[in-house]
Amino acid sequence: MTKLEKIVLSYSGGLDTSIILKWLQETYGCEVVTFTADLGQGEELEPARAKAEMSGVKDIRIVDLREEFVRDFVFPMLRANALYEGQYLLGSSIARPLIAKHLVGIAQEVGAHAVAHGATGKGNDQLRFELAVNALDPSIKVIAPWRQWNIRSRMQLLEYAEKHRIPVPSDKRGEAPFSIDANLLHTSTEGKSLENPAEVAPDHVYQRTVDPVDAPDTPEIITIGFERGDPVSVNGKSMTPAALLTELNGLGGRHGIGRLDLVENRFIGMKSRGIYETPGGTILLTAHRGIESITLDRAAAHLKDEIMPRYAELIYNGFWFAPEREMLQALIDQSQAFVSGEVTLRLYKGSASVISRTSPCSLYSADLVTFEESAIAYDHHDAEGFIRLNGLRLRSWAARNGR
Ligand code: ARG
């Protein structure tokens with residue numbers, strides 16, 4: 001084993017990363033710096049400081065990354081209307097490159113040659129962390145304790161904790177809990193009974209959205225303002241990116257918006273079933289498509305839709321910091337120059353629907369589309385010729401087939 005002087009650990013303060021912290025200190029006999037990011041997971045972060053201190057950590061970093069997360073990661077992704085496999089809004093996928101970026105930054109600052117994370121050996125998150133670190137600083141080694149130690153079961157994990165006097169909260173003593181990952185964009189829940197896709201998810205897995213059945217019987221109308229593809233206001237009130245997403249999470253949660261029960265294909269090769277709650281993100285996706293509908297040229301919009309699955313897959317697979325993602329991002333960002341205006345939506349029992357849209361840069365022409373007599377020159381004979389030429393090959397084809 002190479003001698004390491006310092007390791008920067010992505011640390012939540014929870015049981016698993018507390019065990020990892022101890023294991024790193026024991027295995028490498030070196031200083032461990034902890035990094036805890038506030039991504040809006042809704043958990044108190046100060047307890048993480050106390051726990052790290054108790055484990056003898058001298059350099060404890062707790063950083064509020066909410067604005068950076070939404071501004072530089074979530075919003076750029078939303079400009080693409082990104083969905084993995086048609087449905088998943090990528091809430092966990094998009095958070096990992098940000099955490100990796102800060103792990104690398106701290107490592108460079110304190111002169112550490114390694115970073116460590118608590119992702120398991122079967123999931124996507126290990127790829128997202130490690131590919132990002134590779135892309136940002138190839139000199140940094142990544143330690144993934146879950147792939148290295150010989151702890152193979154929950155029982156062994158708890159035994160290790162007992163042996164090293166790491167406090168195990170009572171709710172973590174019994175069988176394995178759900179695996180939950182939360183941030184400002186989503187909450188994802190996997191494991192336990194959810195591992196059987198035939199089993200209906202119990203109500204209590206949902207944490208930030210009400211059941212649409214229990215949502216208010218009166219719809220709520222909201223207006224979202226966009227500038228160059230990014231949301232900037234709610235009901236006329238300007239907000240920072242994180243404040244705006246927080247506001248929409250509240251509204252969406254109350255109306256039961258953004259629940260998803262999904263079986264997806266992990267990059268590593270297996271299928272997995274998870275429950276996602278993405279209230280604000282779901283509203284924003286619908287609203288963004290609404291503003292694009294009047295501001296984007298048809299070919300531009302269709303090109304975006306063609307590359308979207310590829311772009312989403314890159315993020316899902318962990319290639320945020322990769323040249324092809326940056327190339328696609330440049331294309332997407334350029335398309336957004338005129339995506340400004342306002343979208344009004346109706347929130348009602350699990351759905352967010354666009355009911356009106358306006359823009360100073362609209363391409364929509366009522367004059368052109370109207371069924372009434374129009375002032376704009378549109379010659380119906382042009383349509384006749386257009387159809388005749390488009391039909392030319394179809395007539396040849398049908399004649400050859402003997403129709
Ligand atoms: N399957 C999701 C993804 O790969 C979520 C992964 C993390 N979630 C969790 N509950 N551990 O993006």
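Read the numbers this way: they start at 1 and go in the same order the structure lists the ligands and their atoms.
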Go through the structure and list residues passing side chain to side chain donor-acceptor pair (under 3.5 Å) with D382, not counting sequence neighbours. none
Name all pairs fulfilling the salt bridge (charged side-chain N to carboxylate O under 4.0 Å, His left out) condition that reach into residues 70-92, sequence neighbours left out, sorted by first residue then second. R79-D230, R79-D333
Can D367 and S365 be counted as having a side-chain donor-acceptor contact under 3.5 angstrom? no
Identify whether the distance between the nearest side-chain nitrogen and carboxylate oxygen of R289 and D305 falls below 4.0 Å. yes
I need the full list of ring-ring contact (aromatic ring centres under 6.0 Å, His included) pairs touching residues 193-250, with sequence neighbours left out, sorted by first then second residue. F226-H288
Among side-chain atoms of Q87 and Y276, is any donor-acceptor pair under 3.5 angstrom? no
Can you list every protein residue that has a heavy atom under 4.0 Å from any atom of ligand 1, sorted by chain and residue number? Y88, S92, S93, N124, D125, R128, S179, I180, D181, S188, E190, E264, Y276, Y316
